[in-house]
*Asks:* 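Sending over a structure as structure tokens; questions will come in a sec.
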Amino acid sequence: QVQLVESGGGLVQAGGSLSLSCAASGGTFSSYGMGWFRQAPGKEREFVAAISWSGGSTSYADSVKGRFTISRDNAKNTVNLQMNSLKPEDTAVYYCASSYRTSTRYAERDYAYWGQGTQVTVSS
């Protein structure tokens with residue numbers, strides 16, 4: 001059983017930056033892809049970014065491409081999401097997830113374990 005704990009959320013003004021971190025325990029972290037998803041109020045959860053098991057491949061939603069960067073440290077069992085040039089529409093609960101697969105995956109069905117989420121609020 002893998003446990004995922006997100007941290008780093010908070011309140012930031014538009015144009016600002018935040019860095020989210022996800023700490024994994026209880027499994028073989030370095031064997032699987034990882035992803036970040038988000039859910040805004042009244043909306044379905046959506047894909048944000050993903051990274052392969054080695055960190056050699058990344059994928060991003062079009063809405064965050066060029067502004068967000070996903071990375072991982074397999075020695076520390078962490079995956080991070082650096083968010084720059086934040087917009088009010090980035091406001092959401094952000095979830096870290098561990099995939100069944102080694103590659104980058106977009107669909108929720110490809111993820112086995114989820115964190116509890118961390119709130120990101122971007123004010124205009």
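Because the structure is predicted, anything quoted here is derived from the model rather than measured.
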*Asks:* When rounded to the nearest 0.5 angstrom, what is the spacing between OG in S25 and CD in Q1?
*Replies:* 10.0 Å
*Asks:* State plainly whether one hydrophobic cluster holds both V2 and Y32, where clusters connect Ile, Leu, Val, Met, Phe, Trp and Tyr through side-chain heavy atoms under 4.5 angstrom apart.
*Replies:* no
*Asks:* Can you check whether Q116's main-chain N or O pairs, donor with acceptor, with E6's side chain at less than 3.5 Å?
*Replies:* yes
*Asks:* Restricting to side chain to side chain donor-acceptor pair (under 3.5 Å), what partner residues turn up for T121, sequence neighbours left out?
*Replies:* Q119
*Asks:* Taking all non-hydrogen atoms of both residues into account, name the closest pair between V122 and T91 and its distance.
*Replies:* N-OG1, 2.9 Å
*Asks:* Roughly how far, to the nearest 0.5 Å, is the NZ atom of K87 from the OG atom of S124?
*Replies:* 14.0 Å
*Asks:* Holding to side-chain contact (heavy atoms from CB on, under 4.5 Å), I want the full list of residues that pass it with T69, two or more places apart in sequence or in another chain.
*Replies:* Y60, Q82
*Asks:* May I ask whether V64 and V93 are part of the same hydrophobic cluster, defined by side-chain heavy atoms of I, L, V, M, F, W, Y residues being less than 4.5 angstrom apart, directly or through others?
*Replies:* no
*Asks:* K65: what forms a side chain to side chain donor-acceptor pair (under 3.5 Å) with it, not counting sequence neighbours?
*Replies:* D62
*Asks:* Could you pull out all residues at least two apart from A75 that satisfy side-chain contact (heavy atoms from CB on, under 4.5 Å)?
*Replies:* D73
*Asks:* Apart from Y100 itself, which Ile, Leu, Val, Met, Phe, Trp or Tyr residues share its cluster (side-chain heavy atoms under 4.5 Å, direct or through members)?
*Replies:* none
*Asks:* Look up atom OH in Y94 and atom CZ in F68, then write down how far apart they are to the nearest 0.5 Å.
*Replies:* 4.0 Å
*Asks:* Look only at the side chain of T118 and the backbone of G9, and say whether a donor-acceptor pair between them is shorter than 3.5 Å.
*Replies:* yes
*Asks:* With the 4.5 Å side-chain cut-off for hydrophobic clustering, are V79 and L18 part of the same group?
*Replies:* yes
*Asks:* Has R72 got a side-chain atom pairing as donor or acceptor with G55's backbone, closer than 3.5 angstrom?
*Replies:* no
*Asks:* Could you pull out all residues at least two apart from E89 that satisfy side chain to side chain donor-acceptor pair (under 3.5 Å)?
*Replies:* none
*Asks:* Taking side-chain contact (heavy atoms from CB on, under 4.5 Å) as the test, write out the residues that go with S54, two or more places apart.
*Replies:* S52
*Asks:* I'd like to check the side chain to side chain donor-acceptor pair (under 3.5 Å) partners of S21; sequence neighbours left out, ordered by chain and number.
*Replies:* N80
*Asks:* With rounding to the nearest 0.5 angstrom, report the OG to OH distance, S99 to Y113.
*Replies:* 11.5 Å
*Asks:* Quick one: salt bridge (Lys or Arg N to Asp or Glu O under 4.0 Å) partners of R105, sequence neighbours excluded?
*Replies:* D110
*Asks:* Salt bridge (Lys or Arg N to Asp or Glu O under 4.0 Å) with R101: which residues, sequence neighbours excluded?
*Replies:* none
*Asks:* Step by step, work out the side chain to side chain contact (heavy atoms under 4.5 Å, CB included) result for V12 and M83.
*Replies:* CA-CA 11 Å; V12 64; M83 305 184 295; over 6 Å; no
*Asks:* In terms of hydrophobic clusters joined by side-chain contacts under 4.5 Å, are W114 and I70 together?
*Replies:* no
*Asks:* Can you name the nearest heavy-atom pair linking S59 to T104, along with the distance?
*Replies:* OG-OG1, 3.1 Å
*Asks:* Could I get the full list of salt bridge (Lys or Arg N to Asp or Glu O under 4.0 Å) partners for E46, not counting sequence neighbours?
*Replies:* R38
*Asks:* What's the verdict on side chain to side chain contact (heavy atoms under 4.5 Å, CB included) for W36 and C96, showing C-alpha distance, side-chain angles and the deciding distance?
*Replies:* CA-CA 5 Å; W36 286 95; C96 169; 4.0 Å; yes
*Asks:* Look at the side chain of N74 and the backbone N and O of W53, then say whether any donor-acceptor pair between them is shorter than 3.5 Å.
*Replies:* yes
*Asks:* Determine, using the 4.5 Å side-chain heavy-atom cutoff (strictly less than), whether Y111 and L4 are members of one ILVMFWY cluster.
*Replies:* no
*Asks:* Once ring-ring contact (aromatic ring centres under 6.0 Å, His included) is applied, do any residues pair with F47, and if so which ones, sequence neighbours excluded?
*Replies:* F37, Y106
*Asks:* Going from CG on L81 to CE on M34, what distance comes out if it is rounded to the nearest 0.5 angstrom?
*Replies:* 11.5 Å
